[in-house]
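Here's the structure we're looking at; comments come further down.
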Amino acid sequence: MQDRPATMRERPDSAAIRYHAWFPAIRATGRYPWVLQSEQCMSVVSVKQALSGTLPSGSPVSVRGWVRTRRDSKAGLSFINLSDGSCFDPIQIVATDSLANYSDEVQRLSAGCSLIATGQLVASQGKGQGLELQADTIEVVGWVEDPETYPIQPKAHSLEFLREVAHLRPRTNLFGAITRVRHTIASAIHRYFDQNGYCWVNTPIITTSDAEGAGQMFRVSTLDLMNLPRTDKGSIDTRKDFFGKDAFLTVSGQLNVEGYCLALSKVYTFGPTFRAENSNTARHLAEFWMIEPEIAFADLDENARVTEDLLKFVFKTVLDERADDMAFFAERVEKTAITRLEGFIAAPFERIDYTDAVAILKKSGKKFEFPVEWGIDLQTEHERYLVEEHVGRPVVVVNYPEKIKAFYMRLNDDGRTVAAMDVLAPGIGEIIGGAQREERLDILDRRMLQFGLDPAHYNWYRDFRRYGTVPHAGFGLGFERLVVYVCGLANIRDAIPYPRVPGHAEF
RNA sequence: GCCCGAAUAGCUCAGCUGGUUAGAGCACUUGACUGUUAAUCAGGGGGUCGCUGGUUCGAGUCCAGCUUCGGGCGCCA
């Protein structure tokens with residue numbers, strides 16, 4: 001912005017007028033007049049474009065990014081590996097001592113410095129790469145203040161250390177790859193739903209209903225903690241709070257999205273979710289992203305089919321579009337990263353009735369810490385046995401006891417199970433939980449009371465069953481758990497840019 | 001919330017049953033050398049051994065408490 005032409009500064013009028021004033025120049029050059037000087041005189045390309053092989057040899061280009069390594073030759077030659085995050089590989093820049101700033105700048109470059117290199121894209125004389133940039137100019141944009149203490153060195157770091165520098169870890173190979181794959185997964189999810197006629201519905205982040213009673217919630221309040229308004233009885237008067245009542249961060253958009261399902265038929269949410277539970281594991285976050293499709297006129301079977309279809313589409317997309325990053329995961333993070341996804345795509349999901357699963361576990365002869373009995377919720381050890389030892393591929397467990405599942409799940413004809421399902425995957429456990437919803441008002445009310453919930457608090461939700469109710473089903477997919485699974489990670493804190501867990505909300 | 005483990009240089013680690021001045025690699029720095037590939041070779045600087053207390057002639061090492069991090073479990077996505 002600092003190189004904006006003088007006439008722009010002289011015209012303090014609206015953005016629209018400014019844009020129109022510059023429109024002919026933008027048309028002619030294809031560029032905006034206020035970008036950096038180097039971008040105007042040369043064709044700026046991403047490292048991905050530069051390495052793609054689509055630009056003719058000798059093409060004059062500029063690349064912009066951050067230094068990974070520098071190797072010098074006293075013969076008057078330096079090799080700089082530059083990354084801009086557009087792909088896994090950095091580009092090699094060859095700088096010679098003919099550059100005006102060679103000895104006082106180029107030879108002082110260290111990991112993390114940012115620069116703009118301009119020159120010709122040529123076939124490399126070295127072995128490690130096909131193409132490289134023969135630099136005519138190297139413009140250092142930002143130095144690294146103290147190279148000795150710059151945390152991101154060209155070496156292996158522990159994941160624990162990188163979590164302490166979560167704001168700088170995207171500069172590593174690993175977190176660059178995770179970030180690109182995370183994006184591709186998100187994109188593939190949106191593409192899947194879009195191609196299949198679903199509408200993305202943005203349910204509220206702030207909620208005043210204690211959705212499904214599922215877990216502890218974060219309170220949202222503007223009250224002064226040092227001076228809380230009190231009722232006559234001495235309790236805190238939340239009528240004086242911002243929303244005039246208790247408010248919280250959402251733990252699920254499901255109840256809200258159901259309303260849109262019963263009008264637009266196929267909908268889904270994809271947004272942040274918050275759980276104030278004191279969960280200290282490698283699989284839980286206090287703030288995470290969740291995908292919740294809801295399908296009108298669908299039963300549990302259809303619901304399970306969609307989970308399988310969606311996951312396979314996502315994995316296939318990642319393998320197709322992020323082969324470079326996946327190869328890195330397979331090489332450095334988890335050997336089976338690619339073959340595991342390929343196996344997942346190739347094999348049909350196994351369906352097991354909860355009652356049968358209990359029988360299998362009882363017959364297994366395995367000694368479990370938690371004894372297996374019909375009516376218990378399956379523990380991690382039980383799920384692991386089913387998925388990893390008994391079946392060896394993803395399993396959908398269906399029809400759980402009604403007492404251990406949420407009130408909105410549809411009561412089966414046997415009167416003792418509900419049409420709930422969990423999708424369990426090898427190496428990660430429960431990745432999806434879903435259900436067919438209870439569409440019958442009388443049974444819904446009965447189940448609410450059974451769970452100690454006051455139907456009067458859910459009148460808006462009960463309206464769905466009073467006005468044109470239909471059978472419908474949906475599920476919740478934890479986005480970060482999906483990222484963990486795809487990348488072969490061990491800890492969910494590495495699957496989200498800035499993890500929030502009990503005791504931690506740095507950055 | 002419960003159980004277990006760990007904490008030594010900017011980073012990754014070694015340091016035996018307690019015993020002089022705490023080591024290596026990477027990074028940084030100086031030099032040599034080379035179309036190099038996390039280059040290589042030689043030299044140099046860099047440490048309150050997480051904190052507090054205890055045992056001992058003597059503690060990085062043993063003990064206790066605390067802090068932080070990690071692993072497992074519960075709750076779940």
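In the text below, chain A, chain B and the rest are named by the order of the sequence lines, each starting its count at 1. Because the structure is a prediction, the values reported are computed rather than measured.
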May I ask you to say whether [X] pairs ionically with [Y], meaning some side-chain N is under 4.0 Å from a carboxylate O?
{"X": "A/Glu381", "Y": "A/Arg384", "result": "no"}
{"X": "A/Arg493", "Y": "A/Glu480", "result": "no"}
{"X": "A/Lys266", "Y": "A/Glu294", "result": "no"}
{"X": "A/Arg283", "Y": "A/Glu430", "result": "no"}
{"X": "A/Asp84", "Y": "A/Arg64", "result": "no"}
{"X": "A/Arg410", "Y": "A/Asp299", "result": "no"}
{"X": "A/Asp89", "Y": "A/Arg68", "result": "no"}

Assigned partner base of [N], Watson-Crick or wobble definition, under 3.5 Å:
{"N": "B/rA6", "value": "B/rU68"}
{"N": "B/rA22", "value": "none"}
{"N": "B/rG53", "value": "B/rC63"}
{"N": "B/rG44", "value": "B/rC28"}
{"N": "B/rG1", "value": "B/rC73"}
{"N": "B/rG58", "value": "none"}

Please check the phosphate of [N] (OP1 and OP2 only) for any side-chain N or O of [X] closer than 4.0 Å.
{"X": "A/Gln153", "N": "B/rA38", "answer": "no"}
{"X": "A/Ser252", "N": "B/rA77", "answer": "no"}
{"X": "A/Gln254", "N": "B/rA77", "answer": "no"}

Give the rounded distance in Å between these two atoms: [atom1] of [X] and [atom2] of [N].
{"X": "A/Phe368", "N": "B/rC73", "atom1": "CZ", "atom2": "C1'", "answer": "15 Å"}
{"X": "A/Lys155", "N": "B/rG10", "atom1": "NZ", "atom2": "P", "answer": "12 Å"}
{"X": "A/Arg275", "N": "B/rG74", "atom1": "CZ", "atom2": "P", "answer": "17 Å"}
{"X": "A/His382", "N": "B/rC73", "atom1": "NE2", "atom2": "P", "answer": "12 Å"}
{"X": "A/Arg283", "N": "B/rC75", "atom1": "CZ", "atom2": "P", "answer": "10 Å"}
{"X": "A/Ile404", "N": "B/rC76", "atom1": "CD1", "atom2": "P", "answer": "9 Å"}
{"X": "A/Asn278", "N": "B/rC3", "atom1": "CG", "atom2": "C1'", "answer": "15 Å"}
{"X": "A/Leu162", "N": "B/rU12", "atom1": "CG", "atom2": "P", "answer": "8 Å"}

Separation between the [atom1] atoms of [N] and [M], rounded to whole Å:
{"N": "B/rG45", "M": "B/rU29", "atom1": "C1'", "value": "7 Å"}
{"N": "B/rG19", "M": "B/rU56", "atom1": "C1'", "value": "12 Å"}
{"N": "B/rG46", "M": "B/rU8", "atom1": "C1'", "value": "14 Å"}
{"N": "B/rC16", "M": "B/rC62", "atom1": "P", "value": "9 Å"}
{"N": "B/rG58", "M": "B/rG31", "atom1": "P", "value": "48 Å"}
{"N": "B/rU12", "M": "B/rA7", "atom1": "P", "value": "13 Å"}
{"N": "B/rA59", "M": "B/rU52", "atom1": "P", "value": "15 Å"}
{"N": "B/rG47", "M": "B/rG23", "atom1": "P", "value": "13 Å"}

Handout entry: B/S/- contact track for nucleotides 28-37 of chain B, protein heavy atom under 4.0 Å
Key = S---SBBBBB
Problem - Side-chain donor-acceptor contact under 3.5 Å, A/Tyr400 with A/Asp377 - result: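 Short answer, no.
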Need one value for [X]: base, sugar-phosphate or nothing, where a base atom within 4.0 Å counts as base even if backbone is also close, heavy atoms only.
{"X": "A/Leu482", "value": "nothing"}
{"X": "A/Asn280", "value": "base"}
{"X": "A/Ser158", "value": "sugar-phosphate"}
{"X": "A/Ile291", "value": "nothing"}
{"X": "A/Glu430", "value": "sugar-phosphate"}

Quick check: any donor-acceptor pair below 3.5 Å linking the side-chain of [X] to the base of [N]?
{"X": "A/Ser279", "N": "B/rC76", "result": "no"}
{"X": "A/His284", "N": "B/rC76", "result": "yes"}
{"X": "A/Arg481", "N": "B/rC76", "result": "yes"}

Practice task
Tell me whether the centres of the aromatic rings in A/Phe315 and A/Tyr485 are closer together than 6.0 Å.
Solution key: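 Here the rings of A/Tyr485 and A/Phe315 have centres that are less than 6.0 Å from each other.
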Exercise for the section: Indicate, with yes or no, if the rings of A/Phe270 and A/Tyr198 have centres closer together than 6.0 Å. Expected result: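 No: the rings miss the under 6.0 Å criterion.
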Problem - Shortest non-hydrogen separation from A/Arg447 to A/Met409 and the atoms involved - result: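 Here A/Arg447 and A/Met409 meet closest at NE-O, 3.6 Å.
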Practice task
Could you say whether the aromatic ring of A/Phe288 and the base of B/rA77 stack, counting only centre distances under 5.5 Å and plane angles under 30°?
Solution key: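 So A/Phe288 counts as stacking on the base.
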Exercise for the section: Scan residues 94-124 of chain A for pairs that pass ring-ring contact (aromatic ring centres under 6.0 Å, His included), counting only residues two or more places apart or in two chains. Expected result: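 Sorted result for residues 94-124 of chain A: empty, none.
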Exercise for the section: Could you check A/Phe370 against A/Ala490 and say which one's nearest nucleotide on RNA chain B is further toward the 5' end? Expected result: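 Per heavy-atom nearest nucleotide, the more 5' residue is A/Ala490.
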Exercise for the section: Assess whether side-chain contact (heavy atoms from CB on, under 4.5 Å) is satisfied between A/Tyr268 and A/Val257, documenting all intermediate values. Expected result: CA-CA 7 Å; A/Tyr268 71 106; A/Val257 87; over 6 Å; no
Which atoms of nucleotides 68-70 of chain B (N or O only) lie under 3.5 Å from a protein N or O atom, and what are those distances?
| unit_1 | atom_1 | unit_2 | atom_2 | d |
| --- | --- | --- | --- | --- |
| B/rC69 | OP1 | A/His504 | NE2 | 2.3 |
| B/rG70 | OP1 | A/Arg163 | NH1 | 3.0 |

